Amino acid sequence: MAIKAAVSGHVAHIEYRRAAAERRAQGWSEDTVARAVYEWLQTDLNPAVQSIRAARSREAVVGLYNVYNRSVPLGVRTEVHEGGTRRMPSSVAKDDELCAAGSLAVVGWIGRDVASKAARPPEDWMISGWRAARYLGAERQASAEVARLLEADGDMDLRTLAASLGSSARTLQRQIAAEGLSLTELRMACRQTVALRLIQAGEGSLGQVASLAGFADQAHMARAFKAASGLTPGQIARMLAA
């Protein structure tokens, strides 16, 4: 799911509202939602969330979160400010308290994480496909091993990946499919992860980042980021530099 969310982008707001209704029927509270959001954030590879995670202070987290909310067409925009929080429905007539709790938990949990960053290198601030798999106890899955290779050694074709893992191309492809993924999805998520790390580190122009991350060109990278997060690499670079 983390890989698919990083590639396919946001879930439609109506799906969030449907999920909120289901959780409410199950007796979930705002605290339950906040705990679930924490678990979700440990594996969320979406470039927008990853960019907010890379912020260096709670003030920067709030600033990035607000920029994201202003830049992306969401069912309900959330604005965090010193005096509190404002929720502004756009495509829906009424807000949902569990949806609101989930949105606020994102900025809350990422903000709490800021204090621990001083003891960790910057490249450890973002989640990778391999780290997400390890958190879930799925590091032995074929897709996790492929993500580890792609993130560490760069883009490579199916035959090279299979040879590196001591497998045949057909067997590896079958194993990835059995895990509900495709090599195309894995490649795209890993390219985004590598590109975000390069952008965060200020490693060259966006064109150079695109090439190093395995994208065909800068336009290809921009389309992928836009589809996944609603933001372009340029917007993310400006957010991280703010």
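All values reported here derive from a predicted model rather than from experimental measurement.
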Engineer: Can a donor-acceptor pair be found, under 3.5 Å and without considering hydrogens, that links the side chain of Asn46 to the backbone of Ala228?
Structural biologist: yes
Engineer: Indicate yes or no: does Arg24 engage Asp96 in a salt bridge with an N to O separation below 4.0 Å.
Structural biologist: yes
Engineer: Indicate the ring-plane relationship of Tyr38 and Trp109, choosing parallel, tilted or perpendicular according to the 30° and 60° boundaries.
Structural biologist: tilted
Engineer: Looking at every non-hydrogen atom in both residues, tell me the closest pair between Ala213 and Arg191 and how far apart they are.
Structural biologist: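 Shortest heavy-atom separation between Ala213 and Arg191 comes out as O-CG, 3.1 Å.
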Engineer: Would you find a donor on one side and an acceptor on the other, under 3.5 Å apart, between the side chain of Gln192 and the backbone of Pro47?
Structural biologist: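 Flag not set: sc Gln192 to bb Pro47 has no pair under 3.5 Å.
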Engineer: About how many Å separate CD1 of Ile199 and CZ of Arg238, when rounded to the nearest 0.5 Å?
Structural biologist: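 It comes to 11.0 Å.
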Engineer: Check whether Val67 and Val80 end up in the same hydrophobic cluster, where Ile, Leu, Val, Met, Phe, Trp and Tyr are linked by side-chain heavy atoms less than 4.5 Å apart.
Structural biologist: yes
Engineer: Provide the closest heavy-atom pair for Ser167 versus Leu172 in the form atom of the first, atom of the second, distance.
Structural biologist: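 That closest heavy-atom pairing would be OG-N, 3.6 Å.
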Engineer: Begin with the C-alpha distance, continue with both residues' side-chain angles, and end with the deciding distance and a verdict on side-chain contact (heavy atoms from CB on, under 4.5 Å) for Val194 and Leu212.
Structural biologist: CA-CA 8 Å; Val194 172; Leu212 290 170; 5.7 Å; no
Engineer: One pair to check against side-chain contact (heavy atoms from CB on, under 4.5 Å): Arg23 and Val33. What are the steps and the verdict?
Structural biologist: CA-CA 9 Å; Arg23 299 300 182 267; Val33 169; 5.6 Å; no
Engineer: Using a 4.5 Å cut-off on heavy atoms from C-beta on, say whether the side chain of Val107 contacts that of Thr85.
Structural biologist: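 Side chain of Thr85 against side chain of Val107, heavy atoms only: no contact under 4.5 Å found.
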Engineer: Do the non-hydrogen side-chain atoms of Ile127 and Leu41 ever get within less than 4.5 Å of each other?
Structural biologist: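 Ile127 vs Leu41: side chains apart.
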Engineer: Quick check on the hydrophobic clustering: are Tyr68 and Trp40 connected, directly or via other members, by side-chain heavy-atom contacts under 4.5 Å?
Structural biologist: yes
Engineer: Check whether any side-chain heavy atom of Leu198 sits under 4.5 Å from a side-chain heavy atom of Gln208, and report yes or no.
Structural biologist: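 Sidechains of Gln208 and Leu198: no contact.
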Engineer: Rounded at 0.5 Å granularity, tell me how far CZ in Arg148 sits from CD in Glu145.
Structural biologist: 4.5 Å
Engineer: Is there a donor-acceptor pair closer than 3.5 Å between any side-chain N or O of Arg131 and the backbone N or O of Met126?
Structural biologist: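 Indeed, once roles are kept as given, a pair shorter than 3.5 Å links the two residues.
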Engineer: Decide yes or no for Leu161 and Leu150: does some side-chain heavy atom of the first lie under 4.5 Å from some side-chain heavy atom of the second?
Structural biologist: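 Yes - at least one pair of side-chain heavy atoms lies under 4.5 Å apart.
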Engineer: Ignoring hydrogens and angles, tell me if any N or O in the side chain of Thr193 forms a donor-acceptor pair with the backbone of Ala189 under 3.5 Å.
Structural biologist: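 Yes; at least one donor-acceptor contact below 3.5 Å.
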Engineer: Could you tell me if the side chain of Arg170 sits less than 4.5 Å from the side chain of Gln173, heavy atoms only?
Structural biologist: no
Engineer: Side chains of Ser229 and Val72: closer than 4.5 Å at any heavy-atom pair?
Structural biologist: no
Engineer: Report yes or no: does Arg187 contribute a side-chain atom to a donor-acceptor pair with the main-chain N or O of Met156 at less than 3.5 Å?
Structural biologist: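 Present.
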Engineer: Whether the side chain of Gln175 engages the backbone of Ala142 through a donor-acceptor N/O pair (distance < 3.5 Å, no angle test) should be reported.
Structural biologist: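 Such a contact is absent between Gln175 side chain and Ala142 backbone.
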Engineer: Could you measure the distance from the CE atom of Met188 to the CE atom of Met221? Nearest 0.5 Å is fine.
Structural biologist: 11.5 Å
Engineer: Please round to the nearest 0.5 Å and tell me the distance separating atom CD of Glu39 and atom CZ of Arg35.
Structural biologist: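 One gets 10.0 Å once the value is rounded to the nearest 0.5 Å.
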Engineer: I want to check something: taking the side chain as every heavy atom from C-beta on, are Ser128 and Arg197 in contact at a cut-off of under 4.5 Å?
Structural biologist: yes
Engineer: Nearest 0.5 Å, what's the CD1-OG distance between Ile236 and Ser51?
Structural biologist: 3.5 Å
Engineer: Hey, quick one: are Trp130 and Leu45 part of the same hydrophobic cluster, counting side-chain heavy atoms closer than 4.5 Å, chains of contacts allowed?
Structural biologist: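 Each belongs to a different hydrophobic cluster.
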Engineer: Out of Thr78, Asp95, Val37, Leu98, which one pairs with Ser103 under the side-chain contact (heavy atoms from CB on, under 4.5 Å) rule?
Structural biologist: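 Testing each of Thr78, Asp95, Val37, Leu98 against Ser103, the sole residue satisfying side-chain contact (heavy atoms from CB on, under 4.5 Å) is Thr78.
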Engineer: Is any side-chain heavy atom of Leu149 less than 4.5 Å from a side-chain heavy atom of Thr160?
Structural biologist: no
